[in-house]
Amino acid sequence: EWMGVGVERVDYTKGLPERFRALRRFFERWPEYRRRVTFVQIASLSRSQIPRYRALQEEVREVVRALNEEIGERGWQAKLLEADGSVFEVAFQGETFGTVRWDMTGQHSVYNGLAAIAAARHAGVKPQLAVEALSRFVGVKRRMEVIAHAGGITVYDDFAHHPTAIRTTLEGLRKRVGKGRIVAVIEPRSNTMRLGVHKSELAPAASIADQVIWYQPPGLSWGMDAVVAASTVPAAIQTSIDDIVRDVVAQAQSGDHIVI
């Protein structure tokens with residue numbers, strides 16, 4: 001009947017466990033709202049290489065698990081039928097409403113789709129209809145958009161603007177193409193990326209690719225040498241778009257997947 005939404009900043013994280021504990025106190029004080037309120041917390045998974053943040057993630061998972069176990073019902077669930085997220089089954093409170101088959105990939109896309117179905121149900125749309133509609137969704141610009149396919153080489157355009165999005169996008173592609181070679185061309189373009197907020201997370205996020213080319217644009221306030229040094233896959237820095245194009249064209253071969 002009611003929905004609450006919490007949106008966390010991407011540049012730092014604080015207060016998430018306290019927020020869920022406050023939600024528990026709310027239900028303890030006003031039990032008549034139990035099973036009548038759905039709370040959705042939006043938070044950026046970040047700085048996961050820092051022990052304190054990994055501990056925070058585990059703490060949040062445990063607080064949410066305990067809260068749902070005590071107060072909640074079996075919520076929205078997506079069962080992957082294809083590892084890349086292109087096919088998944090949708091269920092709520094133990095009832096299955098159908099299977100989404102679409103061109104999107106990546107766990108983040110599945111979560112976004114599931115959230116859209118949940119929001120549509122809250123607005124009065126039957127989940128079965130939402131599942132059917134999502135299966136007809138052709139995607140949006142710059143979300144693993146295929147912009148070229150020639151000579152057995154596929155080129156994608158994707159606006160993954162933080163490390164979590166980069167990682168989940170590449171994970172989805174890897175699950176789709178298997179051992180096919182993935183070349184990632186990445187520019188730190190969002191405000192937080194340009195400020196260097198996520199610079200320590202970039203190399204791990206892109207490690208799913210077979211090769212990474214980092215574009216260092218003019219005016220970037222920090223150097224990307226440390227990112228390349230921390231990479232576990234072949235990586236290089238380029239400061240010219242023309243040089244990136246020349247390198248990619250020279251190295252590309254049939255079967256490659258180039259993500260920009």
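Not counting sequence neighbours, the partners of Ile260 by the side chain to side chain contact (heavy atoms under 4.5 Å, CB included) test are Val155, Val185, Ile258. Residues that satisfy the salt bridge (charged side-chain N to carboxylate O under 4.0 Å, His left out) test with Asp256, not counting sequence neighbours, are Arg181. Not a single salt bridge (charged side-chain N to carboxylate O under 4.0 Å, His left out) links Arg121 to another residue, sequence neighbours left out. A search for side chain to side chain contact (heavy atoms under 4.5 Å, CB included) contacts involving Thr169 returns His108, Met144, Asp158, Ala160, not counting sequence neighbours. Taking Trp222 as the reference, nothing meets the ring pair (Phe, Tyr, Trp, His ring centres under 6.0 Å) condition, with sequence neighbours excluded.
Connection of Val228 to Leu202 is established within a shared hydrophobic cluster, with ILVMFWY side chains joined at heavy-atom distances below 4.5 Å, either directly or through further cluster members. Clustering ILVMFWY residues whenever any of their side-chain heavy atoms sit less than 4.5 angstrom apart, transitively, puts Val212 in the very cluster that holds Ile182. In the hydrophobic clustering of this structure, Leu220 groups with Met193; members are Ile, Leu, Val, Met, Phe, Trp, Tyr whose side-chain heavy atoms approach within less than 4.5 Å, directly or through other members. At a threshold of 4.5 Å between side-chain heavy atoms, the hydrophobic network of Ile, Leu, Val, Met, Phe, Trp and Tyr places Ile153 and Ile147 in one connected group. Hydrophobic clustering (side-chain heavy atoms under 4.5 Å, transitive across Ile, Leu, Val, Met, Phe, Trp, Tyr) keeps Tyr111 apart from Leu16.
Using a 4.5 Å heavy-atom threshold, the side chains of Val100 and Val87 count as separate. By the 4.5 Å heavy-atom criterion applied to side chains, Phe88 and Leu81 are not counted as neighbours. Side-chain contact between Thr38 and His122 is absent, with no heavy atoms from C-beta onward closer than 4.5 Å. Arg194 is listed as a side-chain neighbour of Pro217, based on a closest heavy-atom distance under 4.5 Å. Side chains of Gln251 and Val183 form no contact here, defined as non-hydrogen atoms less than 4.5 Å apart. Using a 4.5 Å cut-off on side-chain heavy atoms (C-beta onward), Thr99 and Val131 make no contact.
The environment of Arg101 atom CZ is sparse: at most 12 non-hydrogen atoms of other residues, nucleotides or ligands sit within 6.0 angstrom.
Taking 4.0 Å as the cut-off between side-chain N and carboxylate O, Glu18 and Arg24 do not count as a salt-bridged pair.
Closest non-hydrogen pair, Phe97 versus Pro127, comes out as CG-CB, 3.5 Å. Looking at every heavy atom in both residues, Arg19 comes nearest to Gly6 through NH1-CA, 4.1 Å. Here the closest heavy-atom approach between residue Ala130 and residue Ala120 is recorded as CB-CB, 4.3 Å. Contact record, Val233 with Ala206: CG2-O, 4.4 Å, taken as the closest heavy-atom pair. What you find for Ala184 and Ala209 is that their closest heavy atoms are CB-CB, 4.0 Å. In terms of heavy-atom proximity, His149 sits nearest to Gly152 at CE1-C, 4.3 Å.
Glu187 and Gln216 share no donor-acceptor pair across their side chains, judged by distance under 3.5 Å alone.
Between His257 atom NE2 and Leu170 atom CG the span is 12.5 Å, to the nearest 0.5 Å. Interatomic distance, His162 NE2 to Ser190 OG, rounded to the nearest 0.5 Å: 8.0 Å. If you take CE on Met224 and CD1 on Ile237, they are separated by 6.5 Å, rounding to the nearest 0.5 Å. The CD1 atom of Ile241 lies 12.0 Å from the CZ atom of Arg246; values are rounded to the nearest 0.5 Å. With rounding to the nearest 0.5 angstrom, the CD atom of Glu95 is 6.5 Å from the CD atom of Gln128. Atom OG of Ser109 and atom CG of Leu114 lie 12.5 Å apart (nearest 0.5 Å).
Ring-plane geometry between Trp76 and Phe92 is classed as parallel, the angle between the planes falling under 30 degrees on a 0 to 90 degree scale with a further cut at 60.
Remark: side-chain polar atoms of Ser240 are paired, donor with acceptor, to backbone N or O of Asp242 under 3.5 angstrom.
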Under 3.5 Å, which donor-acceptor pairs do the side chains of residues 171-179 form with other protein atoms, sequence neighbours left out?
{"from": "Arg174", "atom 1": "NH1", "to": "Gly178", "atom 2": "O", "distance (Å)": "2.7"}
{"from": "Arg174", "atom 1": "NH1", "to": "Gly180", "atom 2": "O", "distance (Å)": "2.7"}
{"from": "Arg174", "atom 1": "NH2", "to": "Ile208", "atom 2": "O", "distance (Å)": "3.1"}
{"from": "Arg174", "atom 1": "NH2", "to": "Asp210", "atom 2": "OD2", "distance (Å)": "2.8"}
{"from": "Arg176", "atom 1": "NE", "to": "Asp84", "atom 2": "OD2", "distance (Å)": "3.0"}

Dump the intermediate steps for side chain to side chain contact (heavy atoms under 4.5 Å, CB included) on Val90 and Thr96, then the final yes or no.
CA-CA 6 Å; Val90 176; Thr96 300; over 6 Å; no
Could you walk me through whether Phe39 and Trp2 pass ring pair (Phe, Tyr, Trp, His ring centres under 6.0 Å), step by step?
CA-CA 8 Å; Phe39 183 77; Trp2 288 276; over 10 Å; no
Worked verdict on Gln41 versus Phe20 for side chain to side chain contact (heavy atoms under 4.5 Å, CB included):
CA-CA 9 Å; Gln41 174 64 50; Phe20 289 108; 3.6 Å; yes
Worked check of ring pair (Phe, Tyr, Trp, His ring centres under 6.0 Å) between Tyr33 and Phe27
CA-CA 6 Å; Tyr33 286 98; Phe27 288 124; 8.0 Å; no
Between Met3 and Val37, does the side chain to side chain contact (heavy atoms under 4.5 Å, CB included) criterion hold? Intermediate values first, please.
CA-CA 6 Å; Met3 176 176 286; Val37 173; over 6 Å; no
